[in-house]
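Take a look at the structure set out below.
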Amino acid sequence: MAGPIQVNERIVLYDIIRGFALCGIFLVNIPSMLGSDWIFGNPIYEGSDLFVRTLFDLFIQTKFYTIFSLLFGIGFSIFLERSYARGDSVGRYIRRIAILFLFGLVHLAIWSGDILHTYAMWGLLLPLFYGLSNRAILRWAWGLLITSFVLFYGSSIYLEWALGYTSIGGPFPSAFNSGFGPWFDYRLENEIIDMFQNSLFAGFEIFSLFLFGLYIGRERKLLTWSIRGLTRTAIICSIASLPFFAVIVWHHYGGGAEYSATNSAAVLVSGKLLATVYVCLFTIAVRNGRAFRPLQALGRMALTNYLTHTLVVVIPVITLGYYGQLSLTQGVFLSIMILIAQAFFSMWWLKSHRYGPFEKLWRNGTYGRQKQEA
């Protein structure tokens, strides 16, 4: 049967990039976790918050779930490759995905921004594409990515420019500051089903990124691509991002505040380009000998650290009635402090453990309790 990847078989580059992506995802999530940017609202930013929001849209928003999704595809391409090579059935993969879905389901009950259940729902389809040629995988990936953009952003941009439609957000419900019980009841009654529906629509883009990751992992592109090729790609994508950066700055500072859909589209496209830049630059640095040990530790315990964000932010904020009390700028400083603490904790934990707590649960559920894990 296929065995789990051992510690000495880990591809350190992927851990480092995953740790970097985890940092960006937390920065993106912290506004909606704290209520400074309610997930269904359209807040008005001023002063330092406007500056921070602009920086988010330029360099963070959509960049890091893109990287995380690519890594998911890469990781499961390695998992499937090893399973099929040793004659294992797809059942172990399905079991692994099912456990991820359970993690996501519990997490979703607490916080609307969970991505794990979406990954699990769409990740079930990956074995169906594993046997396709590289060309076919890339055709599917590009087709799904472009289709999702046209369907979900093209129509919004048309409504915005042709009909003058503007999205108007509202304040967050009073239940969010009424204690844990009323808030949890509101979540179950009003938001959970909506989140599953959103996962179905958002999944087209997510799955396209899985397929790109499947291709990259199968071909070992990040491990074999020349430094010159990586550098050239990073430069081209950086230059290609500039027009979209101009749209983002215009939206926030140049009189285009009402064009939120146009800004969202610019953020999305620049996100794919800048995510490519980030991955290329980290690949170059790691292949030149940089270790990035804090990021490596964060990446090795990415699942644990991701779930911990909700435990240390969302639950205390809701329980204490602080939702919406902190500004976006304050949330950034809070998230940076938490990430630093997590980096130190992860490095300490991994000195005496092979895996993080939730990684160990996921691993044991996938493979069973094996002797080498004792």
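This one's a predicted model, so the numbers in the text were calculated from it and none came from an experiment.
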Side chain of [X], backbone of [Y]: donor and acceptor closer than 3.5 Å?
X      : Y      : result
Thr147 : Leu144 : no
Arg220 : Gly217 : yes
Arg300 : Ile16  : no
Arg92  : Leu80  : no
Lys63  : Ile25  : no
Lys351 : Ser346 : no
Gln330 : Ser327 : yes
Gln342 : Leu298 : no
Trp183 : Ser178 : no
Lys272 : Ser270 : no

If you define the side chain from C-beta out and look only at heavy atoms, does anything of [X] sit under 4.5 Å from [Y]?
X      : Y      : result
Val317 : Leu34  : yes
His252 : Leu50  : yes
Tyr322 : Pro316 : no
Ile336 : Leu339 : no
Ile216 : Leu222 : yes
Asp15  : Ile11  : no

Should [X] and [Y] be regarded as members of a common hydrophobic cluster, given that ILVMFWY residues are connected when their side-chain heavy atoms come within less than 4.5 Å of each other, either directly or indirectly?
X      : Y      : result
Ile94  : Ile78  : yes
Val269 : Ile235 : no
Phe20  : Leu223 : yes
Met301 : Leu27  : no

How about [atom1] on [X], more than 12 heavy atoms from neighbouring residues, nucleotides or ligands closer than 6.0 Å, or not?
X      : atom1 : answer
Tyr253 : OH    : yes
Phe358 : CZ    : no
Arg218 : CZ    : yes
Arg290 : CZ    : no

Using ring centroids (six-membered ring only for Trp), state whether [Y] and [X] fall under 6.0 Å.
X      : Y      : result
Phe207 : Trp140 : no
Tyr306 : Phe26  : no
Phe212 : Trp142 : yes

Enter the distance from [X]:[atom1] to [Y]:[atom2] here, rounded to the nearest 0.5 Å.
X      : Y      : atom1 : atom2 : value
Glu189 : Phe184 : CD    : CZ    : 11.0 Å
Ile248 : Phe56  : CD1   : CZ    : 13.5 Å
Ser148 : Leu209 : OG    : CG    : 8.0 Å
Arg139 : Asn134 : CZ    : CG    : 11.0 Å
Leu303 : Leu361 : CG    : CG    : 9.0 Å
Asn263 : Gln61  : CG    : CD    : 9.5 Å

Side chains of [X] and [Y], donor plus acceptor under 3.5 Å:
X      : Y      : value
Glu205 : Tyr65  : yes
Thr262 : His251 : no
Ser69  : Tyr119 : yes
Ser112 : Arg187 : yes
Thr304 : Lys360 : no
Asn29  : His309 : no
Ser48  : Thr329 : yes

Task: Considering all heavy atoms, the nearest Thr118-Ser199 contact - done: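 Heavy-atom minimum between the residues: OG1-OG, 2.8 Å.
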
Task: ring-ring contact (aromatic ring centres under 6.0 Å, His included) partner of Phe59, the single match among Phe244, Phe64, Phe245 - done: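 Answer after filtering Phe244, Phe64, Phe245: Phe245.
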
TODO: Check Tyr93, Tyr14, Phe129 against Phe76 for a ring-ring contact (aromatic ring centres under 6.0 Å, His included) and give me the one that passes.
DONE: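 Testing each of Tyr93, Tyr14, Phe129 against Phe76, the sole residue satisfying ring-ring contact (aromatic ring centres under 6.0 Å, His included) is Tyr93.
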
TODO: Apply the side-chain contact (heavy atoms from CB on, under 4.5 Å) test between Ile17 and each candidate in Val286, Leu295, Val12, Thr283; give the one that qualifies.
DONE: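 Result: among Val286, Leu295, Val12, Thr283, Thr283 is the only option passing the side-chain contact (heavy atoms from CB on, under 4.5 Å) with Ile17.
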
Parallel, tilted or perpendicular: which fits the ring planes of [X] and [Y], with parallel below 30° and perpendicular above 60°?
X      : Y      : result
Phe72  : Phe210 : parallel
Phe79  : Tyr367 : tilted
Phe152 : Phe201 : perpendicular

Open item on the list: What I want to find out is whether Arg53 reaches Glu46 closely enough, with some N-O distance under 4.0 Å, to be called a salt bridge.
Closed with: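 Not counted as a salt bridge, because no side-chain N and carboxylate O are separated by less than 4.0 Å.
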
